[in-house]
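Numbered from 1 within each chain, the chains take letters A, B, ... in sequence-line order.
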Amino acid sequence: MMIQKPRGTRDFLPPEMAQRRFIEQKMRDVASSFGYGEVVTPMFEEQELFTIKSGEGIISEMYAFEDKGGRKITLRPEITSAVIRAYVNGAQMAPKPLRWFYFAECFRYERPQKGRYRQFWQFGSELIGADSAAADAEVIALSYALLKSTGVRFILKVGHLAPMKHLLAVLDAPAQKKVMAALDKRDMEMLETTLSGLEHSELFEPLKGLTTAATLPEIFAITGDIPEKSRIEETFGYLDAQNIPYEQNFGIARGLDYYTGMVFEGFADNLGAENQILGGGVYRLAHLFGGKDVPSCGFGIGFDRVLVSLGEFTPETKPVVAVVCTPETRAAAYKTAAAFREAGITTVMDLLDRGFGAQLSSALKSGATFAAVIGEKEAQAGTITLKDLGTGSQTEISPESAVGVIHGSRR
RNA sequence: GCUAAGGUAGGGUAGUUGGACAUCCUUUAGGACUGUGGAUCCUUAGACCCGGGUUCGAUCCCCGGCCUUGGCCCCA
């Protein structure tokens with residue numbers, strides 16, 4: 001084989017694309033049912049858009065290059081920044097809140113492994129201009145409904161950065177980052193050694209408590225009455241009111257600097273090392289891109305990981321009719337095929353002038369549900385012989401009534 | 001970036017301790033069989049990841065690379 005596809009990329013052939021589109025459509029329907037509208041942004045952006053948010057270090061993990069005009073460009077490694085840039089560029093004056101979703105591919109120059117590719121798809125949403133417990137709860141509810149609609153098995157974890165940040169207030173920023181990294185990993189040994197290295201071992205028990213506390217009262221017993229208390233209680237209350245199953249976890253740090261409040265994650269149980277399929281939270285980015293500061297809350301879902309987790313499944317299919325004809329009756333067959341397609345029925349015709357037996361055999365192999373045989377007899381009578389390829393039974397009927405039969409068979 | 005295992009037709013495999021046309025199943029195309037089936041039979045197409053090295057000779061041994069799959073790091 002002379003040419004291979006680039007490392008970490010995949011070709012999707014029709015059977016797999018049918019699965020992917022099937023899941024994608026379910027997610028689109030859910031997003032739409034929550035009143036979210038789709039946005040599309042460029043596949044490449046100026047590098048600065050992402051370095052502003054995440055630092056220069058990420059350039060090594062991006063598909064970054066200079067274009068012919070000497071501009072520093074990168075294939076987008078994530079979508080949130082681009083969506084907020086688009087908001088700043090063109091929608092700051094739109095009435096709030098804005099409910100947006102996206103489904104698009106991203107590119108990262110990383111070592112591929114299970115559930116991690118260099119080109120991958122994210123389904124996500126951003127709720128812009130609503131800073132409230134109800135907003136936080138809506139975004140979580142949306143992400144939950146999206147994952148639920150796909151059929152994937154997952155666990156939702158919800159937390160808030162405030163309790164942790166209150167405990168860490170005595171540390172400087174680099175030290176906070178180290179501690180948060182250990183917390184996010186649930187690595188208590190690492191947490192303990194990090195803290196003792198910083199000579200703040202007294203923080204170990206409270207921080208550990210954040211990750212193990214199962215209820216909000218336990219959290220506030222550790223932190224005392226912090227200003228965010230009522231907001232957190234309200235958000236969790238709204239989740240409970242919607243019967244959304246989640247685990248509380250105030251150890252979520254997401255390894256990120258830019259989240260400012262509520263954070264949440266979702267994990268599939270069968271994906272190995274790359275099992276996170278959802279990540280999101282409350283953040284503020286607009287002012288970094290030259291816009292007016294605005295509260296936002298969003299998340300991304302790892303679409304490819306959802307599909308890996310789902311494994312093999314057969315999407316619902318519509319009936320497919322294979323029209324079987326001879327060179328002499330092809331004209332009549334075209335008429336029938338056109339009528340079927342007009343009626344919304346997927347219709348394929350033989351192209352190789354094969355015998356009836358070969359055409360039927362080919363129809364079976366291709367997975368067609370019906371064959372419409374149009375030979376001399378049928379062409380003269382203006383009928384077709386409709387054969388159910390599942391049962392083998394057949395009847396000679398008019399094309400019009402065949403439409404009804406085929407529609408009625410929908411599985 | 002680190003690490004382990006691996007790479008034989010489109011898919012799945014056998015095999016050679018270094019020897020001649022590389023096995024089988026599936027698949028592709030055609031036929032046996034001309035208005036009705038996934039069967040059967042015959043024929044056909046299709047592979048030793050790439051590049052060096054050792055050797056009379058390498059799919060096999062050695063080195064390097066590429067790619068795949070796990071794990072680590074990272075994960076915006």
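Using a cutoff of 4.0 Å between basic side-chain nitrogens and carboxylate oxygens, Glu126(A) and Arg99(A) are not scored as salt-bridged. Between Glu16(A) and Arg10(A) there is no salt bridge, since no side-chain N of the basic residue sits under 4.0 Å from a carboxylate O of the acidic one. A salt bridge is absent between Glu45(A) and Arg76(A): the closest approach of a Lys/Arg side-chain nitrogen to an acidic carboxylate oxygen does not fall below 4.0 angstrom. The residues Arg305(A) and Glu274(A) are annotated as salt-bridged, a charged nitrogen and a carboxylate oxygen being separated by less than 4.0 angstrom.
Taking the P atom of each, U28(B) and G11(B) are spaced 14 Å apart, rounded to whole Å. Taking atom P in both G53(B) and C60(B), one finds a spacing of 14 Å when rounded to whole Å. Taking atom C1' in both C72(B) and C61(B), one finds a spacing of 32 Å when rounded to whole Å. The same atom, P, is picked in G65(B) and in G70(B); the two are 23 Å apart, to the nearest Å. When the P atom is used for both U44(B) and G30(B), the distance is 16 Å, rounded to whole Å. Comparing C21(B) with U26(B), their P atoms are spaced 27 Å from each other, to the whole Å. Comparing C50(B) with C66(B), their P atoms sit 15 Å apart, to the nearest whole Å. With both ends at atom P, the span from U13(B) to C73(B) equals 31 Å, rounded to whole Å.
Using modelled atom types and a 3.5 Å distance limit, the side chains of Thr215(A) and Glu218(A) yield a donor-acceptor pair. In this model, no donor atom of one side chain and acceptor atom of the other lie less than 3.5 Å apart for Ser296(A) and Arg284(A).
Here C67(B) presents its P atom at 16 Å from OH of Tyr117(A), a figure rounded to the nearest Å. Rounded to whole Å, the distance from CZ on Phe267(A) to P on C75(B) is 14 Å. For the pair Tyr109(A) OH and G1(B) P, the computed distance is 7 Å after rounding to whole Å. In this structure, the CG atom of Asp184(A) is 10 Å from the P atom of C74(B), given to the nearest Å. The separation between Gln113(A) atom CD and C67(B) atom P is 15 Å, rounded to whole Å. Between the P atom of C74(B) and the CD atom of Glu110(A) lies a distance of 12 Å, rounded to the nearest Å. Going from atom CZ of Arg118(A) over to atom C1' of C75(B) covers 14 Å, rounded to whole Å. Per the geometry, CD belonging to Glu16(A) stands 15 Å off C1' belonging to G11(B), to the nearest Å.
Using a 4.5 Å heavy-atom cutoff, the side chains of Ser125(A) and Tyr102(A) are not in contact.
Within the nucleic acid shown, Gly115(A) has no heavy atom closer than 4.0 Å to any nucleic acid atom. When heavy atoms are screened at a 4.0 angstrom cut-off, Gln359(A) is found touching no nucleic acid atom at all.
Applying the side-chain contact (heavy atoms from CB on, under 4.5 Å) criterion to Arg186(A), with sequence neighbours excluded, gives Asn249(A), Ile252(A).
Applying the Watson-Crick and G-U wobble criteria (two distances, each under 3.5 Å), U13(B) pairs with nothing in any strand. Across all strands shown, C50(B) is found opposite G64(B) as a Watson-Crick or G-U wobble partner, with both distances under 3.5 Å. Searching all strands for a Watson-Crick or G-U wobble partner of G18(B) with both distances below 3.5 Å returns nothing. Nucleotide C74(B) forms no Watson-Crick or G-U wobble pair with any nucleotide shown, as no partner meets the under 3.5 Å limit on both distances. For A45(B), the paired nucleotide is U27(B), the pair qualifying as Watson-Crick or G-U wobble because both relevant distances are below 3.5 Å. In a base pair of the Watson-Crick type (N1 to N3 plus N6-O4 or O6-N4) or a G-U wobble (N1-O2 and O6-N3), with each distance short of 3.5 Å, A39(B) is matched with no nucleotide.
In summary, of the residues considered (Phe12(A), Phe123(A), Trp121(A), Phe103(A)), a ring-ring contact (aromatic ring centres under 6.0 Å, His included) with Phe303(A) occurs for Phe103(A) alone.
Taking every heavy atom of both residues into account, Gly251(A) and Thr211(A) meet most closely at CA-CG2, 3.8 Å.
Side-chain N/O atoms of Lys185(A) include one lying less than 4.0 angstrom from OP1 or OP2 on C74(B). Not one side-chain nitrogen or oxygen of Arg111(A) sits closer than 4.0 Å to the OP1 or OP2 atom of C2(B).
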Inset, instruction - Check the pair Glu24(A), Arg21(A) against salt bridge (charged side-chain N to carboxylate O under 4.0 Å, His left out), reporting the backbone distance first and the verdict last. - result: CA-CA 5 Å; Glu24(A) 175 192 334; Arg21(A) 292 294 191 200; 2.7 Å; yes

Legend entry - Sugar-phosphate or base contact per nucleotide [nucleotides 32-42 of chain B; S, B, -; heavy atom under 4.0 Å]: ---BBBB----

Inset, instruction - Produce a footprint string for nucleotides 43-48 of chain B: one letter per nucleotide, 5' end first; B if the base is under 4.0 Å from any protein heavy atom, S if only the sugar-phosphate is, - if neither. - result: ------

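Using cut-offs of 30° and 60° for the angle between ring planes, the Phe236(A) and Phe250(A) rings count as parallel.
Between the side chain of Arg116(A) and the base of G70(B), no donor-acceptor pair of N or O atoms lies under 3.5 Å.
Each of Arg305(A) and Gly8(A) was assigned the nucleotide of RNA chain B with the nearest heavy atom; the assignment lying further toward the 5' end belongs to Gly8(A).
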